[in-house]
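Values below: all heavy atoms of this structure, side chains included; hydrogens, waters and symmetry mates excluded. All values reported here derive from a predicted model rather than from experimental measurement.
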Amino acid sequence: MVKKTVLITGGSKGIGHATTELLLEKGFRVIVLARDEGRLEQVRDNFVSAGYDKQDIEIHVLDMANADQIESVISKCKLLQDGLFGLVSNAAAEILKPAMEFSLEELEQTWRINILGPIRMIQACYPFLKSAQGSIVHIGSISDFNRDADYSVYGGSKAFMKGFVGRSEERRVGKECRSRW
């Protein structure tokens, strides 16, 4: 039986790393995307040293701020041949300060990493998700309803994605999906 594959963005540290570890423990194959090649290689090597099969861990460098690269990186993912059981959209830019203090560059960075990148990732992964009747999990934040001014832009981007992927507990691509998919 072929193991199920899950792709994790921002999978080299924090929540993404913990998700990667949990999935490997549960017997999944993982595709880990992150922008730091050295950290990605270290993460893979650490998991292999811990006893996980190197064949179950595929890594690719991708900065979610560069939406133009997403399709190219996805096309190189060998573990997608059997479909994609899950997409964990985790990568995010968290710049915390009042909206009036954001530079145009910081606004664009937040938009690209927290909104444009995840949408382009969903688009690129859709055929693989559909073939495996896979699911999308977008890592949110309680800051999407935090009233602190420092969370205005970050929280707003998280709230947008929460609305985009839907508020249901589970959404299956290719089964009971709504018109937006």
Side-chain angles (χ1 to χ4, degrees), residues 6-23 30-43 59-77 84 86-126 128-129 134-173 177-181:
V6 177
L7 184 148
I8 305 108
T9 68
S12 66
K13 60 184 179 177
I15 292 170
H17 183 272
T19 302
T20 299
E21 184 173 21
L22 178 65
L23 289 165
V30 295
I31 300 169
V32 183
L33 306 179
R35 64 180 171 211
D36 184 330
E37 183 175 10
R39 184 185 282 281
L40 270 172
E41 290 172 354
Q42 181 180 23
V43 164
I59 61 171
H60 292 279
V61 175
L62 176 66
D63 184 345
M64 291 294 286
N66 191 341
D68 294 335
Q69 288 184 349
I70 291 172
E71 193 172 314
S72 172
V73 169
I74 294 303
S75 71
K76 295 175 187 172
C77 294
L84 185 59
L87 167 61
V88 179
S89 179
N90 172 65
E94 183 182 42
I95 302 171
L96 303 178
K97 60 184 174 181
M100 295 301 117
E101 296 178 15
F102 270 76
S103 67
L104 178 58
E105 181 179 309
E106 291 168 327
L107 287 168
E108 287 180 346
Q109 178 185 11
T110 301
W111 150 254
R112 289 187 156 286
I113 296 171
N114 296 4
I115 297 173
L116 180 61
I119 292 171
R120 295 291 294 142
M121 182 62 68
I122 290 167
Q123 290 173 327
C125 289
Y126 178 77
F128 306 104
L129 287 161
S135 296
I136 298 166
V137 175
H138 184 78
I139 304 300
S141 172
I142 61 169
S143 68
D144 68 356
F145 58 85
N146 189 322
R147 295 184 186 267
D148 184 325
D150 286 350
Y151 289 88
S152 60
V153 174
Y154 174 72
S157 70
K158 288 297 192 172
F160 176 89
M161 287 307 298
K162 181 188 215 178
F164 179 78
V165 297
R167 297 179 188 270
S168 64
E169 290 297 315
E170 180 178 294
R171 181 169 310 228
R172 290 272 182 200
V173 175
C177 48
R178 296 197 179 168
S179 60
R180 76 172 127 228
W181 305 116

- Item | R39 and Q42 side chains, donor-acceptor separation under 3.5 Å |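 There is no such pair (donor and acceptor under 3.5 Å, judged by atom type) between the side chains of Q42 and R39.
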- Task: Step through the shown structure and confirm whether more than 12 heavy atoms of other residues, nucleotides or ligands are within 6.0 Å of CD on E37.
- Result: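 It does not: E37 CD has 12 such atoms or fewer within range.
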- Message: Surrounding CG of L96 (heavy atoms of other residues, nucleotides or ligands, distance under 6.0 Å), is the total greater than 12?
- Response: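 It does: L96 CG has more than 12 such atoms within range.
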Atom pair [atom1] ([X]) and [atom2] ([Y]), whose distance is rounded to the nearest 0.5 Å:
{"X": "T9", "Y": "H138", "atom1": "OG1", "atom2": "NE2", "answer": "8.0 Å"}
{"X": "D36", "Y": "D63", "atom1": "CG", "atom2": "CG", "answer": "10.5 Å"}
{"X": "R120", "Y": "N66", "atom1": "CZ", "atom2": "CG", "answer": "11.0 Å"}
{"X": "S89", "Y": "I8", "atom1": "OG", "atom2": "CD1", "answer": "11.5 Å"}
{"X": "Q69", "Y": "I74", "atom1": "CD", "atom2": "CD1", "answer": "11.5 Å"}
{"X": "H60", "Y": "S72", "atom1": "NE2", "atom2": "OG", "answer": "10.0 Å"}

- So V165 and I122, side chain to side chain contact (heavy atoms under 4.5 Å, CB included) or not? Walk me through it. CA-CA 10 Å; V165 297; I122 290 167; 4.1 Å; yes
[X] versus [Y], closest heavy-atom pair with distance:
{"X": "S141", "Y": "K158", "answer": "CB-CG, 3.9 Å"}
{"X": "A124", "Y": "I70", "answer": "CB-CG2, 4.0 Å"}
{"X": "G10", "Y": "N90", "answer": "O-ND2, 2.9 Å"}
{"X": "L7", "Y": "C125", "answer": "CD1-SG, 4.3 Å"}
{"X": "A93", "Y": "Y154", "answer": "O-CD1, 3.2 Å"}
{"X": "N114", "Y": "S157", "answer": "ND2-OG, 3.0 Å"}

- Mind running side chain to side chain contact (heavy atoms under 4.5 Å, CB included) on M161 and I119 for me, showing each step along the way? CA-CA 9 Å; M161 287 307 298; I119 292 171; 4.2 Å; yes
- Message: Strictly by side chain to side chain donor-acceptor pair (under 3.5 Å), give each pair with a member in residues 93-103 just once, sequence neighbours left out.
- Response: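 Side chain to side chain donor-acceptor pair (under 3.5 Å) check on residues 93-103 returns K97-E106, S103-E106.
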- Message: Working note: T19 + V6, criterion side chain to side chain contact (heavy atoms under 4.5 Å, CB included); need CA distance, chi angles, decisive distance, verdict.
- Response: CA-CA 10 Å; T19 302; V6 177; 6.0 Å; no
- Between V73, I136, L33, which is the residue that forms a side chain to side chain contact (heavy atoms under 4.5 Å, CB included) with M121?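 Only one option passes, and that is L33.
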